[in-house]
Number of protein chains: 2
Amino acid sequence: MADKTICPKFESALNILNKRWTGLIIFQLLEGAQRFSVIEGNIGISGRVLSERLKDLEKQGIVKRNVYDETPVRIEYALTEKGKALEPVLQSIQHWADGWINKDTKSIV
Amino acid sequence: MADKTICPKFESALNILNKRWTGLIIFQLLEGAQRFSVIEGNIGISGRVLSERLKDLEKQGIVKRNVYDETPVRIEYALTEKGKALEPVLQSIQHWADGWINKDTKSIV
DNA sequence: ATACTTAGTTACATAAAGTAAGTTAATATT
DNA sequence: AATATTAACTTACTTTATGTAACTAAGTAT
């Protein structure tokens with residue numbers, strides 16, 4: 001691979017949304033903190049990959065993992081400020097989708 | 001997979017940007033029509049996958065394939081109106097990246 | 001002691017992406 | 001006439017990512 005790095009920041013941002021499921025995970029968390037099993041059920045991701053993604057997102061400072069010492073233990077994943085700052089990105093995707101995606105054909109309007 | 005379909009249009013839009021390379025391909029084409037080999041070289045994608053992606057994007061009405069009968073044949077890929085309409089999406093990603101990505105650490109600002 | 005719950009992890013199977021060589025068509029070169 | 005060149009792919013094969021389903025750990029409750 002050549003890797004011309006058009007703009008390293010931009011590429012690095014794209015590499016986040018680029019990965020399967022990250023967009024939906026962030027979209028879910030924009031509604032508020034959620035537990036592992038809730039995210040899993042809501043977006044239909046496999047536990048294996050959700051675990052992987054949440055670790056990535058945490059490492060990138062987009063998601064925060066909060067442990068509540070109840071019984072059984074409750075763990076919630078929430079967006080950080082950096083994560084919340086992605087809301088306009090998802091909104092612009094939504095806006096584009098509203099204007100250009102025909103939900104029946106999944107193709108040209 | 002459960003597939004709760006949060007919003008079918010939104011999901012379908014995400015499934016485009018979601019795939020590896022599509023974001024960069026569209027970003028490239030925002031600068032104007034480009035040939036296969038140029039895109040390939042600029043973003044460092046393999047020919048096999050670029051071919052696959054361009055067909056997908058064409059099928060979704062985001063990219064138009066233009067054949068110029070020169071010698072050797074010249075083929076250019078350009079964004080359609082639907083494709084150009086993605087510019088604000090990429091801009092919002094760029095904007096987020098500028099504010100939140102530290103290009104050195106690739107992580108928290 | 002056994003069972004239940006959440007939040008994972010592990011082992012294995014299938015699908016997607018990377019690599020490198022090959023194909024096609026229209027010239028241009030020797 | 002045979003060989004080479006160029007762009008745009010395609011094919012065969014390897015590596016990586018994702019899906020599936022069963023399993024583990026910690027802390028109760030029965």
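We name chains A, B, ... by the order of the sequence lines, and we start the count at 1 in each one.
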If the helix axis at each end comes from five base pairs, how far does the helix from C:dA1-D:dT30 to C:dT30-D:dA1 deviate from straight, to 10°? 30°
Contacts of B:Glu81 that satisfy side-chain hydrogen bond (donor to acceptor under 3.5 Å, both in side chains) - sequence neighbours left out: none
Who passes side-chain hydrogen bond (donor to acceptor under 3.5 Å, both in side chains) against B:Arg35, sequence neighbours left out? none
Side chain B:Lys9, main chain A:Gly99, donor-acceptor under 3.5 Å: no
Minimum heavy-atom distance between B:Tyr68 and B:Val73, given as atom pair plus value: O-CG2, 3.5 Å
Between A:Glu70 and A:Arg53, name the one whose nearest nucleotide on DNA chain D is closer to the 5' end. A:Arg53
Distance, rounded to the nearest Å, where B:Asp69 contributes CG and D:dA8 contributes P: 13 Å
By side-chain hydrogen bond (donor to acceptor under 3.5 Å, both in side chains) - contacts of A:Gln28 (at least two apart): A:Gln34, A:Asn42
Please answer whether the main-chain N or O of B:His95 pairs with a side-chain N or O of B:Trp100 as donor and acceptor at a distance below 3.5 Å. no
Could you tell me how far apart B:Leu50 (CG) and C:dA16 (P) are, to the nearest whole angstrom? 18 Å
Taking atom P of D:dG19 as reference, at what distance in whole Å does atom CH2 of A:Trp21 sit? 6 Å
Using atom CD1 of A:Ile45 as one end and atom C1' of D:dT20 as the other, report the distance to the nearest whole Å. 14 Å
Atom-pair distance (CD on B:Gln34; C1' on D:dA8), nearest Å: 15 Å
Nearest-angstrom distance from the residue atom NZ of A:Lys19 to P of D:dT18: 6 Å
Does the B:Thr80 side chain pair with the main chain of B:Lys64, one donor and one acceptor, at a distance under 3.5 Å? no
Please give, in whole Å, the distance from C:dA16 C1' to A:Asn18 CG? 13 Å
Quick one: is A:Arg20 getting a side-chain N or O under 4.0 Å of the C:dA15 phosphate, OP1 or OP2? no
Can a side chain N or O of B:Ser46 be found less than 4.0 Å away from OP1 or OP2 on C:dG18? yes
Readout for nucleotides 6-14 of chain C: B = base within 4.0 Å of protein heavy atom, S = sugar-phosphate only, - = neither; 5' to 3' it is SSSBBB---
Roughly how many Å is it from CG in B:Leu24 to C1' in C:dA17, rounded to a whole number? 15 Å
N/O donor to acceptor pairs below 3.5 angstrom from side-chain atoms of residues 86-94 of chain B, sequence neighbours left out:
from, atom 1, to, atom 2, distance (Å)
B:Ser92, OG, A:Ser92, OG, 3.2
B:Ser92, OG, B:Val89, O, 2.8
B:Gln94, NE2, B:Asp98, OD1, 3.3

Can you tell me if B:Arg53 uses its side chain to pair, donor with acceptor, with the backbone of B:Arg20 under 3.5 Å? yes
